[in-house]
Amino acid sequence: MRRKLITVIPPEEILKIKESSKARVDIKIREADAYFGMPRWEIIIDGSNEEIEKFVNVLMKSRAGG
């Protein structure tokens, strides 16, 4: 399965979140078009549905302060 996200989270932080989630996914990060001057990143996540969901849940919690 593959999922794509566009985010303002810096690549270094994305990789730290991947490590802390312990999800077995492959992540590719590319620069996307800036949004009102803010850099954005396209994240391509490859893995099983369960592992992708595990990573995305940790990503959402880390950005929401939970």
Side-chain angles (χ1 to χ4, degrees):
M1 171 105 201
R2 176 175 279 184
R3 185 175 289 180
K4 291 182 183 180
L5 301 172
I6 304 271
T7 184
V8 297
I9 303 170
E12 304 81 32
E13 191 172 340
I14 293 289
L15 296 175
K16 286 180 187 176
I17 292 168
K18 178 187 180 266
E19 292 294 320
S20 68
S21 74
K22 296 186 173 110
R24 291 177 292 197
V25 293
D26 292 321
I27 294 180
K28 296 176 186 161
I29 302 173
R30 291 189 250 168
E31 195 166 353
D33 293 331
Y35 183 72
F36 289 103
M38 289 181 65
R40 295 193 308 169
W41 308 96
E42 179 181 36
I43 303 168
I44 301 169
I45 310 164
D46 287 315
S48 68
N49 283 339
E50 295 82 20
E51 293 297 316
I52 291 174
E53 190 169 326
K54 187 178 182 180
F55 169 74
V56 171
N57 284 337
V58 173
L59 175 68
M60 288 188 305
K61 288 178 184 175
S62 70
R63 294 308 286 182

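- Expressed to the nearest 0.5 Å, how far CD1 of Ile52 lies from CG of Asp46 amounts to 7.0 Å.
- Both Met1 and Ile45 belong to a single network of hydrophobic side chains, linked directly or stepwise wherever heavy atoms of I, L, V, M, F, W or Y lie under 4.5 Å apart.
- Between Trp41 and Ile14 the shortest side-chain heavy-atom distance does not fall below 4.5 Å.
- Within the model, atoms CG of Asn57 and CE of Met60 stand 4.5 Å from one another, a figure rounded to the nearest 0.5 Å.
- Note that NZ of Lys22 and CZ of Phe55 are 14.5 Å apart. Values are rounded to the nearest 0.5 Å.
- A 4.5 Å side-chain heavy-atom check between Ile9 and Leu59 finds at least one atom pair inside the cut-off.
- Heavy-atom contacts from other residues, nucleotides or ligands closer than 6.0 Å to CD of Glu53 number 12 or fewer.
- With rounding to the nearest 0.5 Å, the separation of CZ in Arg3 from CD1 in Ile43 is 12.0 Å.
- Contact annotation: the side chain of Ile17 approaches that of Glu13 to within less than 4.5 Å [non-hydrogen atoms, C-beta and beyond].
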Can I get a per-line list of side-chain donor-acceptor pairs under 3.5 Å for residues 24-33, giving both atom names and the distance, sequence neighbours left out?
none

